[in-house]
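Notes for the one structure printed next.
A quick note: this is a predicted structure, and the numbers were derived from the prediction, not measured.
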Amino acid sequence: MSRSQLESLLARARSVRAPARTVLLQATQAWSYAADALKPVSFPDFEAWCAAHAGLSARVVLAGALTHQLVADPALPLNDSEAVLAWARHQFVHYHGAQAQRWSLSVWANGPHRGASALHGIELDTLLQSAARHRVRLRAIEPWWSVALRLASQRVPLLARGGSTELWLVEGLQLTRLRCADGRVLGIEQRWLDSADEAALAQLIEALCGSQNPPWVLGCALAHGALSTAPAARSLGSLQDACPAPEWVAA
C-alpha cells in the first residue's frame with residue numbers, strides 16, 4: 001500500500017457524503033456504530049465486522065493504541081508533504097526502532113503546523129484485504145484523535161478558536177493529550193495512566209495542568225466514569241463505557 005493510496009483514503013473523511021457505517025478499531029476488538037442502533041456493537045476484529053456487513057460502506061476510526069503521532073516544529077524547513085513524510089519516518093525509526101520502517105504513514109497539516117500519523121499494531125493491507133473479501137467499500141481511515149477533536153470543537157468553542165487549551169482522550173490506561181491554540185494543534189502526546197481509574201487521571205491532570213487551565217476530557221474504559229475526584233477537569237461525558245460514545249465517533 002503506497003502512501004498516496006493511504007492519503008487518498010484519509011482525505012475522503014471530509015469529502016465523501018455517501019452513508020457509511022463507522023467502525024472503531026481497538027487493539028483487541030472492533031466497535032460498530034450505526035444510526036439505527038442505540039449502542040455500538042462489538043466484533044472480534046475488522047474481518048468479523050466485514051463478514052457481517054458485506055457490501056456496505058465503512059469509515060474506519062483507529063483507537064490510540066493503533067497509532068503513533070508526531071507534530072513538527074513550525075520552524076523546521078518542511079515545505080511539502082514529502083519533506084514531512086521523510087522527517088516523520090526518521091523520527092519514528094529513531095524512537096521506535098527498525099519496525100517503524102514498515103508502518104504506513106499519513107501526513108496532515110493544520111495551519112502552519114504539520115504532523116504525521118503512523119499505523120502500528122495493525123497492517124493497512126490486512127484491513128484492505130478484509131474489506132475486499134467482503135465487498136466493503138472503505139470511505140475513510142482516520143485516527144480517533146482527529147475525529148474527536150473535530151467533534152469536540154463543535155461543542156466547545158474554545159477548542160476551535162480560543163487561546164491555549166487542551167483536549168485529553170482517555171482509553172483506559174492510554175491517554176492522548178492534544179495541546180491546542182487558536183483552533184490549531186500544537187502538540188500531541190501519548191501517555192499512560194498508572195491505573196485505569198479517575199484518581200490516576202486526576203493526579204496526571206494536577207501534575208501537567210494544575211487547576212488554572214484544566215483540560216477538556218472525553219473517552220472510555222475508565223473506572224467510575226465521571227471525574228468526581230477531579231472537579232477541575234472539564235468532562236465531556238461519562239468515561240465508563242467500554243468504547244467512546246457515538247457522539248464522539250460516528251458523526
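With sequence neighbours left out, the salt bridge (Lys or Arg N to Asp or Glu O under 4.0 Å) criterion links R179 to E189. With sequence neighbours left out, the side-chain hydrogen bond (donor to acceptor under 3.5 Å, both in side chains) criterion links T176 to no other residue. For A148, the side-chain contact (heavy atoms from CB on, under 4.5 Å) partners are W144, L169, L218, not counting sequence neighbours. Scored by the ring pair (Phe, Tyr, Trp, His ring centres under 6.0 Å) test, W145 finds W108 as partners (sequence neighbours excluded). Partners of Q190 under the side-chain hydrogen bond (donor to acceptor under 3.5 Å, both in side chains) rule, at least two apart in sequence or in another chain, are H68. In this structure, A221 has no side-chain contact (heavy atoms from CB on, under 4.5 Å) partners at least two apart in sequence or on a different chain. For the side-chain hydrogen bond (donor to acceptor under 3.5 Å, both in side chains) test, no residue two or more places apart in sequence or in another chain qualifies with R135. Checked against salt bridge (Lys or Arg N to Asp or Glu O under 4.0 Å), E171 has no partners two or more places apart in sequence or in another chain. In this view, H134 satisfies the ring pair (Phe, Tyr, Trp, His ring centres under 6.0 Å) rule with no residue, not counting sequence neighbours. Every residue two or more places apart in sequence or in another chain was checked for a side-chain hydrogen bond (donor to acceptor under 3.5 Å, both in side chains) with S153, and none qualifies. With sequence neighbours excluded, the residues satisfying side-chain contact (heavy atoms from CB on, under 4.5 Å) with A83 are L78, D80.
Grouping Ile, Leu, Val, Met, Phe, Trp and Tyr residues whose side-chain heavy atoms lie under 4.5 Å apart, directly or via other members, places L173 in a hydrophobic cluster with W192.
In the displayed structure, D194 atom CG is contacted under 6.0 Å by at most 12 heavy atoms of other residues, nucleotides or ligands.
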